[in-house]
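Notes follow once the structure below has been shown.
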Amino acid sequence: MLKIGILALQGAVREHSRQIEELGCEVIPVKSVEDLKEIKGLVLPGGESTTIRKLLDRYDLLEPIRAMADKGIPMFGTCAGLILLAKNIVGYDSPHLGLMDVVVERNSFGRQVDSFEVDLSVQGIGEDISAVFIRAPHIVAAGENVEILAKHEERIVLARDGQFLGCSFHPELTEDSRIMKYFIEMVQESTMVFGKMDH
Ligand code: GLN
């Protein structure tokens, strides 16, 4: 069974697990370097990016996750997870993981009370995909190889940069698992490309 890791230091872990299991994969909660060993894809959940970053440092996970990215392991960042993946964060001198070729701005749709739900049309995935935004970031700019998959009010809210998928909202908080399915397919494709390579 395909093993998908979820960074489980803080944030929306349980909801992602449910969707991943319903799609027929095994979930490995990632809390230490050991947990990274067998996974073929990694989900970085929402939460508070600055807190998750502190925990990544405390548990010595930042470099091992970067090393996995170097090996081609697909990664999916939702909300705070997108901020962790981004190469640039507006107002910050340095990124966290710095892997995905996008510039993100934090809390760009208002404060916590301003959480909202909308239906999005997502390129290559489908129509009427409900998306829950909670103090969400958005993608201000994207590198030329980044595919823009969805926008809300002219702002980029879902994009793919090769092995990296990042979204502003929380796809795990709805019954609609089409975006997670898309990510699982990215993982399946990457295991085929790498064949028997140990990654
Ligand atoms: N506002 C949070 C941050 O900047 C992200 C919020 C979320 O993940 N729901 O890290």
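Given the structure is predicted, the values throughout are model-derived calculations rather than measurements. Read the numbers this way: they start at 1 and go in the same order the structure lists the ligands and their atoms.
Listed by number with element, the atoms of ligand 1 under 4.0 angstrom from any heavy atom of Ile83 are 3 (C), 4 (O), 10 (O). Counting atoms of ligand 1 from 1 in the listed order, those under 4.0 Å from a heavy atom of Ser49 are 3 (C), 4 (O), 10 (O).
In terms of polar-atom proximity, Gly47 is counted as a contact of ligand 1, with an N or O under 3.5 Å from an N or O of the ligand. By the 3.5 Å distance cut-off applied to N or O atoms, Arg135 is counted among the residues near ligand 1. For Ile134, a nitrogen or oxygen atom sits less than 3.5 Å from a nitrogen or oxygen atom of ligand 1, counting backbone and side chain alike. Residue Thr50 has no nitrogen or oxygen atom sitting less than 3.5 Å from a nitrogen or oxygen atom of ligand 1, judged on distance alone. Residue Gly46 has no N or O atom closer than 3.5 Å to an N or O atom of ligand 1.
A donor-acceptor pair under 3.5 Å links the side-chain atoms of Ser168 to the main chain of Pro137, judged by distance alone. Of the possible polar contacts, none joining the Arg155 side chain to the Val140 backbone as a donor-acceptor pair under 3.5 Å is found.
The residues Arg18 and Glu15 are annotated as not salt-bridged, no charged nitrogen and carboxylate oxygen being separated by less than 4.0 angstrom.
With Phe76 as the aromatic partner, Arg160 does not meet the cation-pi criteria of under 6.0 angstrom to the ring centre and within 45 degrees of the ring axis.
Among the candidates Gln10, Arg53, Arg106, Lys54, the single residue satisfying the side-chain hydrogen bond (donor to acceptor under 3.5 Å, both in side chains) test with Glu48 is Arg106.
Here the protein heavy atom with the shortest distance to atom 1 (N) of ligand 1 is Asn107 OD1, 2.6 Å. Of all protein heavy atoms, the one lying nearest to atom 4 (O) of ligand 1 is Arg106 NE, 2.7 Å. Nearest to atom 9 (N) of ligand 1 among the protein's heavy atoms is His170 NE2, 2.8 Å. For atom 7 (C) of ligand 1, the closest heavy atom belonging to the protein is Cys79 SG, 2.7 Å.
For His152 and Phe169, the ring centers are positioned 6.0 Å apart or more.
By the 6.0 Å contact criterion, CZ on Arg178 is enclosed, its count of non-hydrogen atoms from other residues, nucleotides or ligands being greater than 12.
Residues Ile4 and Ile39 have side chains not in contact (no heavy-atom distance under 4.5 Å, counting atoms from C-beta outward).
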